[in-house]
Engineer: 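My structure is below; once you've seen it, I'll send some questions.
As a basis for the values below, the full set of heavy atoms in this structure was taken, side chains included, without hydrogen atoms, waters or symmetry mates.
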Amino acid sequence: MPSTFLGLNTSYTGLIAANASLNTTANNIANIETPGYTRQQVNQTAAEAMRAYAGYGCVGAGVDTLGAERIRDIYYDQKYWNNNSKLGEQEKKLYYALLVDNYLRDQRGTNAVEGFQTIFDAYDNAMSSLATNTASPDHAREFIGSANKLCEYFNLLYNNFQKMQIDVNDEIGIKVNEINGIAQEIASLNKQINTVEVNGNTMANELRDKRDLLVDQLSAVIDVECEERPIYTTSGRESGVSDYIVKIAGGQVLVDGKDYRQLECVPRTSWQKVDQNEADGLYDICWTDSGQEMNVQATVVRGELKGLIEMRDGNNDEAFHGKITSVDTINNSVTVRVTDDYLKNIAKSTLPLTDGRIVLGGEKFYYKDFEVTLDDNGECYYTFNLSDDRSRNPVPISKDKIGYNAKVGEQMDYQGISYYLAQMNEWVRDYAAAFNSIYGGEDTRDFDEKDRTGAIFFTGDNKVTGDQYALETKGDYSSLYAWYASQGQKEKDGGLIRATYKSSEDGYYALTGGNFAVENSVENDPRTFATHTVEWDGESKYDSVSELLDLSTNLDKMRFRGCDARSFLTCLMGDAALNANSASSFSAVYGSIEESIQNSRYSISGVDTDEEAANMIKFKSAYNLASKMISVLNECYERLILETGV
């Protein structure tokens with residue numbers, strides 16, 4: 001039989017439930033503008049009924065208040081994190097793509113310097129003037145000055161792109177530190193949450209909100225996956241605590257419960273570079289606990305960090321790669337066969353001339369220099385001479401590497417800063433080689449009729465020795481094979497004609513946008529400028545200059561991406577505009593999707609003023625009714641106790 005005072009206790013449980021709901025409503029209203037706050041509600045259920053052992057069966061015992069819980073849908077969280085990573089990546093690409101576009105834009109130029117088209121037009125005009133004025137070397141002096149301005153343009157543009165590369169690299173370091181800080185905070189919150197929830201009766205709602213807000217922030221930097229697993233006791237029962245696991249970059253564990261991992265930025269030394277054009281000290285991102293590189297380049301990775309990496313290192317999917325065909329353990333060298341056309345053209349290559357890093361069969365090695373051979377059947381091989389320094393290569397190369405893949409750097413299908421630097425280098429090498437082959441052709445003469453056969457006009461400054469590169473002019477520039485022949489040695493081997501280029505020797509591959517220059521002797525004495533051949537005389541004797549002038553537009557003499565020499569800026573501006581437009585479009589799309597997801601999240605988890613106002617009135621009424629019930633029962637008990645009896 002239930003107690004006489006059961007009704008009082010039943011009313012009291014209703015009072016407690018209504019009071020808890022009112023307090024929770026007050027908390028929701030107080031946090032209506034708090035970033036990351038999730039709306040809460042009190043969960044309650046009917047208390048276990050009591051058997052009356054009478055005709056009317058069971059009697060209700062009131063309500064059990066289970067506690068306040070957050071109203072949140074993990075489905076929308078995951079959608080938000082996935083989209084936020086994509087948005088962060090595209091926003092970073094857009095920011096730097098617009099900078100690239102500004103650097104290349106001709107009407108503004110670079111750092112208040114005229115752009116390529118303006119400078120090249122003046123250069124062409126000076127050459128035209130030289131071709132029609134034979135009285136004195138003054139016009140040669142004017143042309144040499146315009147050629148110097150062309151070289152300075154590439155020098156400045158190259159340096160500006162490298163500075164941008166350093167800026168991107170610095171921002172990569174900032175993002176890595178941000179990931180480390182968030183990982184540490186999440187691990188700390190995991191520990192606090194388990195401490196609060198270990199008894200199974202309390203939910204650490206505010207702490208969970210802080211953790212979810214950190215994951216939101218992390219998802220912009222790098223793609224993220226989260227999973228919460230209950231921890232079971234030895235008897236197989238839930239312990240009341242859980243493991244919260246955070247994975248980034250395509251499934252790499254960052255946080256596991258109270259444990260977390262850290263990343264570090266390891267600057268590359270001068271002998272660890274993977275690109276001829278990269279600035280000093282670029283970062284490799286590694287895990288501090290294992291020393292392994294974090295695979296940010298993987299296609300599944302997203303986020304601001306991925307956008308920065310692709311902007312810094314993007315090479316349009318044109319990194320060095322091939323198959324190992326032979327290993328010479330005596331001479332400590334390895335030969336790699338390549339099949340891609342861009343690797344067969346040394347003008348397009350981005351390999352460090354000396355002291356670079358190559359991955360052979362999944363292991364890192366460091367090489368001193370390399371040489372390239374190409375035969376007239378199109379077979380191309382790179383032979384890398386590995387460093388004998390045991391601090392660099394502690395494990396000697398072995399023949400079991402034959403048949404494995406080799407690579408220098410990573411294939412990145414994006415046109416980042418590395419791509420634009422490589423494009424500059426390709427134009428400089430192509431144009432310098434084509435120009436010099438005409439300028440120093442057979443029987444060319446200067447103003448004083450001195451033989452200038454083999455002379456060069458364009459070269460590069462060797463920043464190591466302080467001298468200029470001693471380039472050659474031999475070879476016809478009309479074919480890929482001839483380019484090799486003009487750079488290195490040509491010999492017969494088994495009936496095939498083979499051309500060889502060695503990176504340790506002076507050659508056009510050493511030219512970059514950063515060291516492009518006019519040869520010192522002709523700059524110092526314009527009378528030595530080669531203007532004609534012995535076959536010409538009189539007013540029309542400047543046939544060499546006419547040939548050089550024709551180089552700007554004649555596709556048979558030089559092609560840059562299928563266009564003439566003058567189209568350099570048009571090609572690069574097209575790339576920059578396309579990249580900027582693509583990033584802008586994707587940013588707009590992902591921004592719109594994020595807004596939609598945020599609205600869906602808010603409709604479930606956000607605090608709505610109208611809804612909370614309605615709840616306030618509803619729970620106030622429930623509280624008042626429970627209070628009134630207690631008051632009524634109090635009167636009943638008073639009559640029972642004080643006014644009933646003998």
Engineer: Could you check whether any side-chain heavy atom of Tyr414 comes within less than 4.5 Å of a side-chain heavy atom of Met311, counting everything from C-beta outward?
Structural biologist: yes
Engineer: Inspect the contact between Lys618 and Glu612 and indicate whether a charged nitrogen and a carboxylate oxygen are less than 4.0 angstrom apart.
Structural biologist: no
Engineer: List the atom pairs, donor and acceptor, that lie under 3.5 Å between side-chain atoms in residues 567-593 and the rest of the protein, sequence neighbours left out.
Structural biologist:
{"from": "Ser567", "atom 1": "OG", "to": "Asp564", "atom 2": "OD1", "distance (Å)": "2.8"}
{"from": "Asp575", "atom 1": "OD1", "to": "Arg561", "atom 2": "NH2", "distance (Å)": "3.0"}
{"from": "Asp575", "atom 1": "OD2", "to": "Tyr419", "atom 2": "OH", "distance (Å)": "2.7"}
{"from": "Asp575", "atom 1": "OD2", "to": "Arg561", "atom 2": "NH1", "distance (Å)": "2.7"}
{"from": "Asp575", "atom 1": "OD2", "to": "Arg561", "atom 2": "NH2", "distance (Å)": "3.1"}
{"from": "Asn579", "atom 1": "ND2", "to": "Gln415", "atom 2": "OE1", "distance (Å)": "3.2"}
{"from": "Asn579", "atom 1": "ND2", "to": "Tyr420", "atom 2": "OH", "distance (Å)": "3.0"}
{"from": "Asn579", "atom 1": "ND2", "to": "Asp575", "atom 2": "O", "distance (Å)": "3.2"}
{"from": "Asn581", "atom 1": "ND2", "to": "Ala577", "atom 2": "O", "distance (Å)": "3.2"}
{"from": "Ser585", "atom 1": "OG", "to": "Asn581", "atom 2": "O", "distance (Å)": "2.9"}
{"from": "Ser587", "atom 1": "OG", "to": "Ala583", "atom 2": "O", "distance (Å)": "2.8"}

Engineer: Quick one about Asp216 and Asn84 (side-chain donor to acceptor, distance below 3.5 Å, no hydrogens or angles considered), yes or no?
Structural biologist: no
Engineer: Can Arg72 and Asp77 be counted as an ion pair, charged N to O under 4.0 angstrom?
Structural biologist: yes
Engineer: Would you mind checking if Lys210 and Glu185 are paired as a salt bridge, meaning a charged N to carboxylate O distance below 4.0 Å?
Structural biologist: no
Engineer: Listed by chain and number, what are the ring pair (Phe, Tyr, Trp, His ring centres under 6.0 Å) partners of Tyr367, not counting sequence neighbours?
Structural biologist: Phe384
Engineer: Under a 4.0 Å N-O cut-off, is there an ion pair linking Glu89 with Lys306?
Structural biologist: no
Engineer: Checking Glu225 against Trp81: is there a side-chain donor and acceptor pair closer than 3.5 Å?
Structural biologist: no
Engineer: Among Glu171, Gln165, Arg312, find the one that has a side chain to side chain donor-acceptor pair (under 3.5 Å) with Tyr96.
Structural biologist: Glu171
Engineer: Using a 4.5 Å cut-off on heavy atoms from C-beta on, say whether the side chain of Val607 contacts that of Asn31.
Structural biologist: no
Engineer: Give the C-alpha distance, both sets of side-chain angles, the deciding distance and a yes or no for salt bridge (charged side-chain N to carboxylate O under 4.0 Å, His left out) between Asp355 and Arg392.
Structural biologist: CA-CA 10 Å; Asp355 295 331; Arg392 300 185 183 183; 3.5 Å; yes
Engineer: Can you tell me how far the CD1 atom of Ile248 sits from the CG atom of Leu305, to the nearest 0.5 Å?
Structural biologist: 8.5 Å
Engineer: So, do His321 and Gln411 sit near enough that their side-chain heavy atoms are less than 4.5 Å apart?
Structural biologist: yes
Engineer: Can a salt bridge be assigned to the pair Arg268 and Asp280 using a cut-off of 4.0 Å between side-chain N and carboxylate O?
Structural biologist: no
Engineer: Would you say the side chains of Asn28 and Tyr37 form a donor-acceptor pair under 3.5 Å?
Structural biologist: yes
Engineer: Charged N to carboxylate O under 4.0 angstrom, Lys86 versus Glu91?
Structural biologist: no
Engineer: Can you tell me if Glu611 uses its side chain to pair, donor with acceptor, with the backbone of Asp608 under 3.5 Å?
Structural biologist: no
Engineer: For the ring pair Tyr158 and Phe154, is the centre-to-centre distance below 6.0 Å?
Structural biologist: no
Engineer: Out of curiosity, Asn515 CG to Asn155 CG, how far, rounded to the nearest 0.5 Å?
Structural biologist: 7.5 Å
Engineer: May I ask you to say whether Arg261 pairs ionically with Asp289, meaning some side-chain N is under 4.0 Å from a carboxylate O?
Structural biologist: yes
Engineer: Is the shortest distance from a Lys or Arg side-chain nitrogen in Arg39 or Asp209 to a carboxylate oxygen in the other one below 4.0 Å?
Structural biologist: no
Engineer: Answer yes or no: is there an ion pair linking Asp223 with Lys247, defined by an N-O contact shorter than 4.0 Å?
Structural biologist: no
Engineer: When you check the gap from the basic side-chain N to the acidic O, do Asp341 and Lys348 get nearer than 4.0 Å?
Structural biologist: no
Engineer: Sequence neighbours excluded and cut-off under 3.5 Å, please list the side-chain donor-acceptor pairs for residues 293-304, or say none.
Structural biologist:
{"from": "Glu293", "atom 1": "OE2", "to": "Lys364", "atom 2": "NZ", "distance (Å)": "2.6"}
{"from": "Arg302", "atom 1": "NH1", "to": "Thr299", "atom 2": "O", "distance (Å)": "2.9"}
{"from": "Glu304", "atom 1": "OE1", "to": "Lys175", "atom 2": "NZ", "distance (Å)": "2.7"}

Engineer: Verify whether one side chain among Thr65 and Gln44 offers a donor that lies under 3.5 Å from an acceptor in the other.
Structural biologist: no
Engineer: Any idea how Phe320 and Tyr382 line up, ring-wise: parallel (<30°), tilted (30 to 60°), or perpendicular (>60°)?
Structural biologist: perpendicular
Engineer: Would you say the side-chain atoms of Gln192 and Ser188 include a donor-acceptor pair closer than 3.5 Å?
Structural biologist: yes
Engineer: With side chains defined as the heavy atoms from C-beta onward, is the minimum distance between Asn43 and Gln41 less than 4.5 Å?
Structural biologist: yes
Engineer: So, are Glu363 and Lys401 salt-bridged, with charged N and O less than 4.0 Å apart?
Structural biologist: yes
